[in-house]
There are 2 protein chains.
Amino acid sequence: MTGSDSRPPTLEQVANYAGVSRATVSRVINGVQTVDPELRRTVERAIAATGYVPNLAARSLVTRRTDSIALVVSEPENRGYETPFLTRMFTDPYLGRVTAGAQEVLRPLGIHLVIFLADPPARPHLLRYLRQGHVDGALLISSHVDDPLPAQLVDLGVPVVLSCRPGQPVNASFVDVDQRAGVRMAVDRLAARGRRCLATITGPLDMPAAQDRLSGFEEAVAANGLPKGVHVEGDFTRGGGERAARRLLEEYPQVDGVFVANDLMADGAQRVFQEAGRRIPDDVAVIGFDDSTAALECHPPLSTVRQPVEEMAGEMAHLLLTRIREPGRSPRSVIFNPELVLRASA
Amino acid sequence: MTGSDSRPPTLEQVANYAGVSRATVSRVINGVQTVDPELRRTVERAIAATGYVPNLAARSLVTRRTDSIALVVSEPENRGYETPFLTRMFTDPYLGRVTAGAQEVLRPLGIHLVIFLADPPARPHLLRYLRQGHVDGALLISSHVDDPLPAQLVDLGVPVVLSCRPGQPVNASFVDVDQRAGVRMAVDRLAARGRRCLATITGPLDMPAAQDRLSGFEEAVAANGLPKGVHVEGDFTRGGGERAARRLLEEYPQVDGVFVANDLMADGAQRVFQEAGRRIPDDVAVIGFDDSTAALECHPPLSTVRQPVEEMAGEMAHLLLTRIREPGRSPRSVIFNPELVLRASA
DNA sequence: CTGAAAGCGCTAACAT
DNA sequence: ATGTTAGCGCTTTCAG
């Protein structure tokens, strides 16, 4: 018969089975080196025979570790985006890349990664979850300027690392890409191809990343000696990119080059430009940001500013691990360099 | 100063502070009714004053519950999909709907939901995670016929509920939509609009859901007295839909109606049909499956078979909770009715 | 190198 | 209605 015998085997049972003390079994399990090889083998057999698995609660009651960390995706409030939070999260390839990058460093260390989605109603839950000690720390993807979560977690003493420059200064490490440098590459490229009427479709301007990309755009346009560009605000979704592109075409029909603050919106925008009869890149050149999978699915394939998201997530994981191990150490931020990836759209 | 004082307050400290016994504090925390209201207030003040939060490890060591459950998304092996697992998961709105539906029933109960993505390398981790008792049970999204995970979890005694009919029979509850009935509605509609040359773009045929939709299609075509339809296999992604549509156009240029096994592929397919100069729905009528957000973002908006995914996920949560509470009870499956949603594409 | 024993923080009988 | 007490299963000194 399979299934749950009344209760899983305990350390004690394994010890009895092997004819040793609990301490010895514990040592074997935890890979302590000072155990007689002979005994170790006996114990290992006993473990296999009983199908023993350590009880997390008991263990972490004493070690105060759970060997798992949370990837928390936060959204401070519902500001009437067209697309609800969860749909957005599960529609943007970005999160998948973050997960992959973090897994890569955590997995070899035997540390579990779980994902926690924290829209406003989930907020109290998240706080409880973290304080109760389900995990040892959190990678926090928080993209809004006024998200109180980063500060709250820091105040709570939860080890945390942020995915980008926080809106308000917070005493925590973060990882980011050099946004302005990335945008600069995009605009320089547009200019080099002879585009003079530039515009940008931004992300939600209550996100630091969106702000950085917009101001980077304006700087770069000026640096190229071009007329001040136009901007319309989007929401980082494909649909939002379409809406923004329509507005852009109305407000600034002579546009011939556009920097779109992420690939998903660029995809939507390209569709709209084409439906309006503009050829890409001949009539309008388009450059996105992220180099996500969406960039390849675009028609035509999208030139874009590559963010090394996986690497960045891996670095977040490292920073978090050292923060957990050495709570005293002061926070650091790591900035990555972007890269321009040229395809057909510009 | 904020941050982690050496250690968080314990029950004992709260009890001392309030001048009562640990048991009383415990009762207040757990909402036991038989506590003098006066005392209760004293205790509550003490809790607030000390900033006490129960220690999960200690509690679940004795209760054997964690009040959290995992949403596990499983992929048995990498069968050379174009798109990697994590990207697929974070690109398809389906998962967001599942999460939302499950949250809705779990949240009021104070139960946490964490997401665990289990591609092949993560598999051993998942097993450990579950056996260690990080969670009380799992909602398992497993869509491949030969995924061993459902059976493994059942054998391990982990309470589990499946998101659709398992490939091999497994002693666990599951929730599904009546796939054939849904496809039937779609095909009937196509036939009613006078389409005679039908085709379908399927999901990966190693998924039960894809199989059901294909055989449902064939049955429905026959039932409508139409010539045997054509099918090409897709992979449930937007890009896969495009590739499949291209093949379809080559193999069966006279096609005038197509049932696409999910909305994401339908979106891709529509793009390809249009690029090939076919008008939708006049030259080719298209019906998708899911009624996900992608259906609304399509051009033209997609007629589709609606699956009540949120409700289904809620039901999964209920089934899991009763399975956790009454491990003895025998599994049940709940089948939901689909619904045809008519928009512009057919 | 191994065993004995204490204790992590909490809940749940049991006694009062 | 409240307090006392005995563990839950594990790690970790401390002896030996």
Side-chain angles (χ1 to χ4, degrees), chain A residues 4-44 46-47 50-68 110 128 131-134 136 157, chain B residues 4-44 46-47 50-68 110 128 131-134 136 157:
Chain A
S4 48
D5 324 27
S6 54
R7 281 211 189 170
T10 70
L11 234 205
E12 174 116 45
Q13 293 171 27
V14 179
N16 290 151
Y17 188 103
V20 300
S21 74
R22 269 157 36 205
T24 301
V25 180
S26 175
R27 290 188 186 104
V28 171
I29 299 247
N30 294 292
V32 175
Q33 288 308 325
T34 66
V35 176
D36 184 276
E38 177 94 20
L39 252 192
R40 150 167 282 117
R41 248 160 311 117
T42 314
V43 171
E44 276 162 354
I47 293 176
T50 51
Y52 171 74
V53 177
N55 175 310
L56 169 76
R59 168 182 284 178
S60 75
L61 181 55
V62 20
T63 60
R64 297 173 180 286
R65 285 181 305 96
T66 61
D67 287 329
S68 59
R128 264 184 32 224
R131 301 189 63 186
Q132 284 181 161
H134 277 96
D136 300 334
Chain B
S4 48
D5 324 27
S6 54
R7 279 212 189 170
T10 70
L11 235 206
E12 175 116 44
Q13 292 170 28
V14 179
N16 290 152
Y17 188 103
V20 300
S21 74
R22 266 156 42 204
T24 302
V25 180
S26 175
R27 289 187 186 106
V28 171
I29 299 245
N30 293 293
V32 175
Q33 287 309 324
T34 65
V35 175
D36 184 276
E38 178 94 19
L39 252 192
R40 151 167 281 120
R41 247 160 310 117
T42 314
V43 171
E44 276 161 355
I47 293 175
T50 51
Y52 171 74
V53 177
N55 175 310
L56 171 75
R59 167 182 284 178
S60 75
L61 181 54
V62 22
T63 60
R64 298 172 178 285
R65 287 181 304 97
T66 61
D67 288 329
S68 59
R128 265 186 29 226
R131 300 190 63 184
Q132 284 181 342
H134 278 95
D136 300 334

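All chains are named by letter (A, B, ...) in the order of the sequence lines, taking the proteins before the strands, and each is independently numbered beginning at 1.
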Boundaries of the chain B footprint along DNA chain C (any atom under 4.0 Å from a heavy atom): C:dC8 to C:dA13
Reckon A:R7 has a side-chain N or O less than 4.0 Å from the OP1 or OP2 of D:dC8? no
In whole angstrom, what separates B:L11's CG from D:dC8's C1'? 15 Å
Suppose we screen for salt bridge (Lys or Arg N to Asp or Glu O under 4.0 Å). Which residues come up paired with A:R65, at least two apart in sequence or across chains? A:D67
Report yes if the side chains of B:L11 and B:P54 come closer than 4.5 Å at any heavy-atom pair, otherwise no. no
Taking C-beta and beyond as the side chain, do A:R59 and A:N30 meet within less than 4.5 Å on heavy atoms? yes
Suppose the criterion is salt bridge (Lys or Arg N to Asp or Glu O under 4.0 Å): which pairs have a residue in residues 8-22 of chain A, not counting sequence neighbours? A:E12-A:R22
Taking the side chain as every heavy atom from C-beta outward, state whether A:R128 and B:V53 have any atom pair closer than 4.5 Å. no
Under the side chain to side chain contact (heavy atoms under 4.5 Å, CB included) test, which residues partner B:R64, sequence neighbours left out? A:R7
Return no unless some side-chain N or O of A:S26 is found under 4.0 Å from OP1 or OP2 of D:dT11. yes
Only counting residues at least two apart or in another chain, list the ones meeting side-chain hydrogen bond (donor to acceptor under 3.5 Å, both in side chains) with A:S60. none
Could you list, one pair per line, each protein nitrogen or oxygen that sits under 3.5 Å from a nitrogen or oxygen of nucleotides 3-5 of chain D, together with the distance?
from: D:dG3; atom 1: OP2; to: B:S21; atom 2: N; distance (Å): 3.1
from: D:dG3; atom 1: OP2; to: B:S21; atom 2: OG; distance (Å): 3.2
from: D:dG3; atom 1: OP2; to: B:T24; atom 2: OG1; distance (Å): 2.7
from: D:dG3; atom 1: N7; to: B:R27; atom 2: NH1; distance (Å): 3.4
from: D:dG3; atom 1: N7; to: B:R27; atom 2: NH2; distance (Å): 3.4
from: D:dG3; atom 1: O6; to: B:R27; atom 2: NH2; distance (Å): 2.6

Can you give each donor-acceptor pair under 3.5 Å made by side-chain atoms of residues 14-21 of chain A, sequence neighbours left out, with the distance rounded to 0.1 Å?
from: A:S21; atom 1: OG; to: A:A23; atom 2: N; distance (Å): 3.4
from: A:S21; atom 1: OG; to: A:T24; atom 2: N; distance (Å): 3.3
from: A:S21; atom 1: OG; to: A:T24; atom 2: OG1; distance (Å): 3.3

For A:Y52 and D:dG9, give me the distance from atom OH to atom P, rounded to whole Å. 10 Å
Ranking A:V62 and A:T34 by the position along DNA chain C of their nearest nucleotide, the one closer to 5' is A:T34
Terminal helix-axis angle for the helix from C:dC1-D:dG16 to C:dT16-D:dA1, with five pairs defining each axis and rounding to 10 degrees: 40°
Report the distance from atom CG of A:N55 to atom C1' of D:dG7, rounded to the nearest whole Å. 14 Å
Tell me if a side-chain donor or acceptor on A:N55 pairs with a main-chain N or O of A:A57 at a distance below 3.5 Å. yes
Residue pairs, two or more places apart or on separate chains, that pass side-chain hydrogen bond (donor to acceptor under 3.5 Å, both in side chains) and touch residues 31-44 of chain B: none
Can you check the B:R64 CZ to D:dG7 P distance for me, whole Å? 14 Å
In Å and rounded to the nearest 0.5 Å, what is the OH to OG1 distance from A:Y52 to A:T10? 7.0 Å
Length of the line joining A:L56:CG and D:dC8:P, which is rounded to integer Å: 18 Å
Can you measure B:Q33 atom CD to D:dA1 atom P for me and round it to whole angstrom units? 11 Å
Quick one: A:Q13 CD to D:dC10 C1', roughly how many Å, whole number? 13 Å
In whole angstrom, what separates A:R59's CZ from D:dT11's P? 5 Å
